[in-house]
Amino acid sequence: MRNLLLLILAIIFYYFIRRLLLDTSEKRDKNHSATTIEDEMVKDPLCNIYILKSEAVKRSVRGKRYYFCSSECAKKFADNRSPN
Ligand SMILES: [Zn+2]
């Protein structure tokens, strides 16, 4: 009788753990899709090519955020936009 109770507890515990594991894997999938959304294409305003946001050189010029294919492009763009 005692063994049966332990077995039932073990089964309940097994399902509980399984549910927990499934929940975390679901959350991981959601996080994964969030990172793929983050990896969108952005346009380099200087040479007009599209690059991945995660690989782009980010630069703020006069409070606006721009994305460049390289740091050279970012520098040239900032130089063009400077008042002098
Ligand atoms: Zn460029």
Side-chain angles (χ1 to χ4, degrees):
M1 194 61 193
R2 205 187 143 96
N3 281 346
L4 190 72
L5 200 74
L6 276 173
L7 186 73
I8 290 164
L9 274 175
I11 290 165
I12 291 167
F13 188 71
Y14 169 76
Y15 277 104
F16 182 71
I17 293 294
R18 225 180 88 137
R19 244 190 86 139
L20 271 180
L21 287 174
L22 285 173
D23 276 2
T24 49
S25 64
E26 229 170 75
K27 270 174 200 159
R28 213 175 290 139
D29 280 350
K30 270 173 199 162
N31 283 346
H32 184 73
S33 59
T35 51
T36 46
I37 288 164
E38 184 69 33
D39 230 12
E40 61 189 282
M41 299 301 282
V42 285
K43 197 179 174 188
D44 181 326
L46 198 81
C47 56
N48 292 318
I49 63 153
Y50 284 89
I51 55 258
L52 277 174
K53 200 174 184 178
S54 61
E55 287 169 21
V57 177
K58 295 159 191 78
R59 191 66 57 93
S60 285
V61 183
R62 291 189 181 187
K64 206 172 181 296
R65 206 142 173 81
Y66 294 97
Y67 299 93
F68 302 93
C69 64
S70 62
S71 51
E72 288 91 76
C73 269
K75 198 188 174 303
K76 274 183 211 163
F77 186 80
D79 288 348
N80 288 346
R81 289 299 159 107
S82 62
N84 56 358

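What you see is a predicted model, and the numbers here were worked out from it, not measured in a lab. Note that the numbering runs from 1 along the sequence shown for the chain.
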Visitor: If two hydrophobic side chains count as joined below 4.5 Å and joins carry through other members, does L4 share a cluster with I12?
Guide: yes
Visitor: Calculate, to the nearest 0.5 Å, the distance between atoms CD1 and CD belonging to I51 and E40 respectively.
Guide: 11.5 Å
Visitor: Could you give the distance from CG (L22) to CD1 (I17), rounded to the nearest 0.5 Å?
Guide: 11.5 Å
Visitor: Tell me the closest heavy-atom pair linking V61 and F77, and the distance in Å.
Guide: CG2-CD2, 3.9 Å
Visitor: To check you understand the geometry: which heavy-atom pair defines the closest contact between S70 and V57, and what is its length?
Guide: C-CG2, 3.6 Å
Visitor: Report the distance from atom CG of D44 to atom OH of Y67, rounding to the nearest 0.5 Å.
Guide: 12.5 Å
Visitor: Closer than 3.5 angstrom, by distance alone: can the side chain of K58 be matched with the main-chain N or O of K53 as a donor-acceptor pair?
Guide: yes
Visitor: Side-chain contact, heavy-atom cut-off 4.5 Å: F68 with R59?
Guide: yes
Visitor: Would you compute the distance between atom CG of L6 and atom CD1 of I11 and round it to the nearest 0.5 angstrom?
Guide: 11.0 Å
Visitor: I need the Y15 OH to L20 CG distance, nearest 0.5 Å.
Guide: 15.0 Å
Visitor: Would a 4.5 Å heavy-atom cut-off, applied to side chains only, mark I49 and K43 as touching?
Guide: no
Visitor: Has R65 got more than 12 heavy atoms of other residues, nucleotides or ligands less than 6.0 Å from its CZ?
Guide: yes
